[in-house]
Protein chains: 2
Amino acid sequence: MTTSGLTFSPEIEARLDAAARLCSQQGATLTPLRREVLGLVLASDQPIGAYALLDHLRRSRATAAPPTVYRALEFLLERGFVHKVERLNAFIGCPSATDHAGHDHPHAVQFLICTCCGRVTETEDEGIASAIARAAERAGFRHTRATVEIEGVCRACAG
Amino acid sequence: MTTSGLTFSPEIEARLDAAARLCSQQGATLTPLRREVLGLVLASDQPIGAYALLDHLRRSRATAAPPTVYRALEFLLERGFVHKVERLNAFIGCPSATDHAGHDHPHAVQFLICTCCGRVTETEDEGIASAIARAAERAGFRHTRATVEIEGVCRACAG
DNA sequence: CCGAAGCGCGTTACACTATAACATTGTGGA
DNA sequence: TCCACAATGTTATAGTGTAACGCGCTTCGG
């Protein structure tokens with residue numbers, strides 16, 4: 001094994017390639033480090049914390065430190081490739097960011113956090129988004145973004 | 001000064017008294033420590049962090065440590081006297097908890113976070129709550145509570 | 001060719017947030 | 001009296017996040 005970095009499943013590699021294309025369209029670079037961090041987030045079926053990412057990262061980059069992963073995450077967050085789940089202090093990959101290219105305005109997203117299995121799914125519910133917009137306007141509040149994190153039990157766990 | 005603890009404004013003292021009454025109705029006790037922590041949260045015009053609370057607390061209780069304030073906050077959170085703003089890792093007093101007594105089911109609340117002045121106001125918007133309930137049901141998700149934190153610029157800051 | 005400027009990352013150190021675990025105190029009841 | 005429990009004290013540590021400085025590399029104008 002002389003390859004640099006990790007290799008992920010074909011599905012994830014395809015999404016990483018798509019992310020790389022989006023980056024270069026924007027004049028940014030999905031460097032090997034950023035690609036690896038994004039791959040690790042995508043490969044996790046649950047939200048993953050920064051220090052868990054760091055542990056994984058160190059398998060291929062022994063000297064990685066907190067700023068290593070936080071800087072990569074900052075880059076990925078800015079571009080919408082990953083999201084942060086505030087209640088969990090953890091990160092998830094954004095399914096839509098690499099699917100349909102370059103939706104410029106950051107769609108309002110919501111998270112469904114299953115307290116049973118720990119998985120988090122993302123939705124883009126227009127009803128919630130517009131209800132928030134109306135409530136903000138009614139309060140004279142010029143809103144820029146909203147964090148919506150819904151806790152409960154997912155369909156699979158509820159049986 | 002031989003009084004124990006701090007003293008707050010008459011408005012806040014009145015709310016503290018109301019909270020104490022609610023506690024005793026529930027068989028709980030708003031101890032001097034808990035009362036003081038709640039008073040400090042209510043006296044802050046912005047969300048206040050646990051360690052800022054700890055600093056204030058130490059003026060009257062020199063030996064206070066992190067668990068001191070976190071345990072008081074846990075008690076106050078459980079009863080809805082304070083809320084945590086996840087994006088800020090900080091706490092705010094709940095205006096409605098001490099106003100109208102004993103609404104048993106925890107109303108869905110939302111926060112409007114002004115990125116300009118740092119103040120956070122609380123709303124109880126039925127439109128947002130029902131939109132969340134609909135979206136969750138559509139996803140087969142049995143939701144128990146939702147965190148809604150809306151960032152933007154408040155009316156006062158926007159001018 | 002040279003030097004400045006900017007990006008990406010390494011590296012060290014530290015700040016901030018939160019909890020575990022055990023000890024102590026006081027109160028009320030069997 | 002002894003026990004049980006609630007509340008807090010106390011010590012230590014875990015978990016999350018950032019500041020600050022330096023270095024190598026590329027690019028680009030002079």
Side-chain angles (χ1 to χ4, degrees), chain A residues 4-5 19-20 23-24 26-38 40-41 44 46-79 81-92 118 147, chain B residues 4-6 19-20 23-24 26-38 40-41 44 46-58 60-79 81-92 118 147:
Chain A
S4 66
C23 283
S24 59
Q26 300 169 11
T29 310
L30 191 69
T31 62
L33 171 62
R34 291 165 178 171
R35 182 183 177 102
E36 197 166 328
V37 171
L38 178 55
L40 288 169
V41 174
S44 173
Q46 291 188 3
I48 184 167
Y51 281 72
L53 285 170
L54 183 54
D55 287 342
H56 287 298
L57 205 55
R58 281 183 167 145
R59 294 176 189 166
S60 62
R61 300 168 179 267
T63 71
T68 308
V69 61
Y70 277 105
R71 285 192 288 229
L73 285 171
E74 181 185 15
F75 176 91
L76 298 170
L77 285 166
E78 281 171 357
R79 283 156 187 80
F81 295 133
V82 305
H83 293 303
K84 180 174 182 182
V85 184
E86 297 287 341
R87 295 202 50 115
L88 306 177
N89 293 321
F91 303 87
I92 62 174
T147 300
Chain B
S4 66
L6 298 176
C23 283
S24 60
Q26 299 168 13
T29 310
L30 189 69
T31 63
L33 171 62
R34 292 164 178 170
R35 183 182 175 103
E36 197 166 331
V37 171
L38 178 54
L40 288 169
V41 174
S44 173
Q46 292 188 3
I48 185 168
Y51 281 74
L53 285 170
L54 183 54
D55 288 342
H56 288 298
L57 206 56
R58 281 181 168 148
S60 61
R61 299 169 179 270
T63 70
T68 309
V69 60
Y70 277 105
R71 285 192 287 229
L73 285 171
E74 181 185 15
F75 176 91
L76 298 171
L77 285 166
E78 281 171 356
R79 282 155 188 80
F81 295 133
V82 304
H83 293 304
K84 180 176 182 181
V85 184
E86 297 288 341
R87 293 198 57 103
L88 306 178
N89 292 321
F91 303 86
I92 63 176
T147 299

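Just so it is clear: chains get the letters A, B, ... in the order the sequence lines come, proteins before strands, and each one is counted from 1.
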Exercise. For B/L73 and D/dA7, what is the distance between atoms CG and P respectively, to the nearest whole Å?
Worked result: 15 Å
Seminar exercise, completed: Whether each nucleotide of nucleotides 20-28 of chain C has a protein heavy atom under 4.0 Å at its base (B), only at its sugar-phosphate (S) or at neither (-) is summarised, 5' to 3', as BB-------
Exercise. Between B/P47 and B/G118, which heavy-atom pair has the shortest distance, and what is it?
Worked result: CD-O, 3.3 Å
For this session: Could you tell me whether the side chain of A/R58 and the main chain of A/A64 form a donor-acceptor pair under 3.5 Å?
Result: yes
Seminar exercise, completed: Whole-Å distance, A/R61 CZ to C/dG8 P, equals 14 Å
Exercise. Do B/T31 side-chain atoms and B/R34 backbone N/O form a donor-acceptor pair below 3.5 Å?
Worked result: yes
For this session: Just jot down the side-chain contact (heavy atoms from CB on, under 4.5 Å) partners of A/A65, sequence neighbours excluded, or say none.
Result: A/P67, A/T68
Exercise. Looking at side-chain heavy atoms only, is the closest gap between B/V82 and B/I92 below 4.5 Å?
Worked result: no
Exercise. To the nearest angstrom, how far is B/L30 atom CG from D/dA6 atom P?
Worked result: 17 Å
Under 3.5 Å, which N/O atoms of the protein pair with N/O atoms of nucleotides 15-17 of chain D?
from: D/dG17; atom 1: OP1; to: A/K84; atom 2: NZ; distance (Å): 2.4
from: D/dG17; atom 1: OP2; to: A/Y70; atom 2: OH; distance (Å): 3.0
from: D/dG17; atom 1: O5'; to: A/Y70; atom 2: OH; distance (Å): 3.4
from: D/dG17; atom 1: N7; to: A/Y51; atom 2: OH; distance (Å): 2.5
from: D/dG17; atom 1: O6; to: A/Y51; atom 2: OH; distance (Å): 3.4

Exercise. What pair of heavy atoms forms the shortest contact from A/H56 to A/I48, and how long is it?
Worked result: CD2-CD1, 3.8 Å
At a cut-off of 3.5 Å, list every protein nitrogen or oxygen paired with a nitrogen or oxygen from nucleotides 24-29 of chain D, distance to 0.1 Å.
none

Problem set entry | Contact under 4.0 Å: A/T29 side-chain N or O vs C/dC7 OP1/OP2 | no
Seminar exercise, completed: When every non-hydrogen atom of A/K84 is compared with those of A/L77, the smallest separation belongs to N-CD2, 3.7 Å
Exercise. Looking at A/F75, is A/R71 sitting on its ring face, NZ or CZ under 6.0 Å from the six-membered ring centre and within 45 degrees of the normal?
Worked result: no
For this session: Step by step, work out the side chain to side chain contact (heavy atoms under 4.5 Å, CB included) result for A/F91 and A/V85.
Result: CA-CA 6 Å; A/F91 303 87; A/V85 184; over 6 Å; no
Exercise. What is the distance, rounded to the nearest whole Å, between atom CD of B/E74 and atom P of D/dA6?
Worked result: 13 Å
Exercise. Is a side-chain donor or acceptor of A/S60 paired with a backbone partner of A/L57 at a separation under 3.5 angstrom?
Worked result: yes
Problem set entry | Side-chain N or O of A/T68 closer than 4.0 Å to phosphate OP1/OP2 of C/dG10 | yes
For this session: Could you please spell out the steps behind the side chain to side chain contact (heavy atoms under 4.5 Å, CB included) verdict for B/L73 and B/L53?
Result: CA-CA 10 Å; B/L73 285 171; B/L53 285 170; 3.9 Å; yes
Problem set entry | Atom-pair distance (CG on A/L77; C1' on D/dT18), nearest Å | 15 Å
Exercise. What residues form a side-chain contact (heavy atoms from CB on, under 4.5 Å) with B/Y70, not counting sequence neighbours?
Worked result: B/A50, B/Y51, B/P66
Seminar exercise, completed: Between CZ of A/F75 and C1' of D/dT18 the distance, given in whole Å, is 20 Å
Seminar exercise, completed: Among D/dT11, D/dA7, C/dC9, the one nearest any side-chain atom of B/A65 is D/dT11
Exercise. Tell me: CG of A/L54 to P of C/dT12, nearest whole Å?
Worked result: 14 Å
Exercise. Rounding to a whole Å, what distance do you find between B/E36:CD and D/dG9:C1'?
Worked result: 15 Å
For this session: Using five pairs at either end of the helix from C/dC1-D/dG30 to C/dA30-D/dT1, determine the angle between the two local helix axes and round it to 10 degrees.
Result: 0°
Problem set entry | B/R61/B/L33 under side chain to side chain contact (heavy atoms under 4.5 Å, CB included): CA gap, chis, key distance, verdict | CA-CA 9 Å; B/R61 299 169 179 270; B/L33 171 62; 3.8 Å; yes
For this session: Give a yes/no on whether any side-chain N or O of B/T31 is located under 4.0 angstrom from OP1 or OP2 of D/dA6.
Result: no
Seminar exercise, completed: Closest heavy-atom pair, A/C23 versus A/F81, reported as atoms and distance to 0.1 Å, is SG-CE1, 3.6 Å
